[in-house]
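Small disclaimer: the values here were computed from a predicted structure and weren't measured.
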Amino acid sequence: MEHRPAALLDLVQSGDFMALVILATGVIFLTSILDRKLPSPVDISAWQPALTRLERYAPVVLRCGTAFFFLTLTLGFPHIILTPELVIHNPAMRYVHALIALTAFHRRTCLIAGAGILFLYSYATQLYGTFHMLDYLVFIGVGVHLISQTLCGTEARGLPIEVVRFTLAYSFLWGAIEKFMQPALFHQLLAEYSYLAMGLDPDFFIRASGFVEFCCAWQIFSGRAAGYAGIGLMAFFVIGAVIPFGMIDFIGHFLFIVPLTAILLVPRRVPLCRTASGSTLAFVTTFALFLLTAYAAWYMLYFYLHPHLF
């Protein structure tokens with residue numbers, strides 16, 4: 001049974017929420033200034049040969065990481081579709097996972113793996129609804145990149161890796177918005193693992209976590225040196241979640257760790273926005289658009305088109 005989202009009007013009228021909006025905006029402005037003032041590894045000429053060599057491994061990381069992920073599903077979790085939240089007891093799933101795992105290793109065959117991932121994404125959309133799958137757009141990015149490696153070669157830079165960067169950041173941004181929309185889901189988590197809130201009020205902790213994730217995701221997508229910081233923080237959160245939640249959580253986040261590693265090897269050479277004020281304005285605009293779009297999408301794609309899920 002799905003929870004209705006928190007009322008948008010109540011959310012924006014909350015003092016805590018608006019204070020966090022202002023704080024997050026200030027953090028983005030400050031980090032954007034530092035991103036343009038401080039040197040990034042891509043600015044240090046002595047490091048360029050090593051960075052260029054590392055960039056060449058990004059396509060390999062995506063292929064081998066995908067192969068390992070689907071091999072793990074084949075052997076231990078054949079009922080899972082892409083992530084442990086999506087489950088179906090279809091005996092054919094094990095063979096789809098095995099096919100993706102076997103074909104992802106090599107550039108000449110990873111087109112099949114990419115097409116298999118896109119098939120599983122569409123299958124999960126049919127089963128769980130469009131809104132639910134908006135949280136996992138990173139799988140589309142990985143699938144498209146694998147297809148492009150067969151069709152277009154293994155150049156580290158270019159449109160395919162930018163698709164991965166965008167879909168990964170989008171998935172984190174959308175996950176952050178869900179913390180504002182459906183806090184009840186996270187209250188259930190804190191009820192079982194109360195120490196995660198570190199003594200803070202649960203409502204405030206959930207909202208603050210959402211803003212931390214949104215800020216990190218924005219810098220991953222738009223920043224240069226700040227992108228490294230965003231990747232480091234998100235990797236810490238994703239990997240650290242294994243401690244309380246176990247290996248099933250690691251499996252659920254592994255195909256987020258793989259593209260995080262790949263884009264770490266292919267950082268932006270220049271920020272997405274020319275100025276810090278432009279980046280901050282883009283951040284605020286993106287936040288507002290994501291929040292409004294998420295509420296509209298829930299009512300249009302989830303509640304009305306999938307009433308059987310309620």
Chemist: Kindly indicate, with the supporting measurements, whether the criterion salt bridge (Lys or Arg N to Asp or Glu O under 4.0 Å) is fulfilled by R207 and E213.
Modeler: CA-CA 10 Å; R207 289 178 178 176; E213 186 173 359; over 6 Å; no

Chemist: By the definition ring pair (Phe, Tyr, Trp, His ring centres under 6.0 Å), identify the one residue from F214, Y136, F180, F131 that meets it with W174.
Modeler: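 Checked F214, Y136, F180, F131 against W174; only one passes ring pair (Phe, Tyr, Trp, His ring centres under 6.0 Å): F131.
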
Chemist: Same cluster or not: are I257 and I263 linked, directly or through other Ile, Leu, Val, Met, Phe, Trp or Tyr residues, by side-chain heavy atoms under 4.5 angstrom apart?
Modeler: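 Shared cluster, yes.
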
Chemist: Less than 6.0 Å separating the ring centroids of F29 and F283?
Modeler: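 Ring-ring flag for F29/F283: false, centres at least 6.0 Å apart.
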
Chemist: Could you walk me through whether R269 and D43 pass the salt bridge (Lys or Arg N to Asp or Glu O under 4.0 Å) test, one step at a time?
Modeler: CA-CA 8 Å; R269 297 193 185 277; D43 297 325; over 6 Å; no

Chemist: Between Y128 and E85, is any side-chain donor less than 3.5 angstrom from a side-chain acceptor?
Modeler: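 There is no such pair (donor and acceptor under 3.5 Å, judged by atom type) between the side chains of Y128 and E85.
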
Chemist: State, with a plain yes or no, whether a side-chain heavy atom of E178 is found less than 4.5 Å away from one of P5.
Modeler: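 Heavy-atom side-chain distance check fails, nothing below 4.5 Å.
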
Chemist: Using modelled atom types only, decide if a donor and an acceptor are shared between the side chain of R107 and the backbone of L146 within a distance under 3.5 Å.
Modeler: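 Not confirmed, R107 side chain does not pair with L146 backbone.
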
Chemist: How about N90 and H79: does a side-chain donor come under 3.5 Å of a side-chain acceptor?
Modeler: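 On atom types as modelled, these side chains do not qualify, holding no pair under 3.5 Å.
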
Chemist: Is there a donor-acceptor pair under 3.5 Å between the side chain of S279 and the backbone N or O of A276?
Modeler: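 Judged by distance alone, no pair lies under 3.5 Å.
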
Chemist: Is it true that atom CZ of F204 has more than 12 heavy atoms of other residues, nucleotides or ligands lying nearer than 6.0 Å?
Modeler: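 Result for CZ/F204: open.
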
Chemist: Grouping I, L, V, M, F, W and Y whenever their side-chain heavy atoms are under 4.5 Å apart, do V42 and L38 come out in a common cluster?
Modeler: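 No, it is not one cluster - the side chains of V42 and L38 are not joined through contacts under 4.5 Å.
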
Chemist: For the rings on F250 and F254, is their centre-to-centre separation under 6.0 Å?
Modeler: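 Yes, they do, as the ring centres are separated by less than 6.0 Å.
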
Chemist: Below 30° counts as parallel, above 60° as perpendicular, anything between as tilted: where do the rings of F256 and H253 land?
Modeler: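 Rings of F256 and H253: perpendicular, as their planes differ by over 60°.
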
Chemist: Are the side chain of R268 and the backbone N or O of F221 linked by a donor-acceptor pair below 3.5 Å?
Modeler: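 Side chain of R268 to backbone of F221, a donor-acceptor pair under 3.5 Å: yes, one is there.
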
Chemist: Apply ring-ring contact (aromatic ring centres under 6.0 Å, His included) to residues F211 and F287 and explain how you reach the verdict.
Modeler: CA-CA 10 Å; F211 278 105; F287 178 76; 5.4 Å; yes

Chemist: So, S171 side chain and L137 main chain: donor-acceptor pair closer than 3.5 Å or not?
Modeler: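 Answer holds: yes.
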
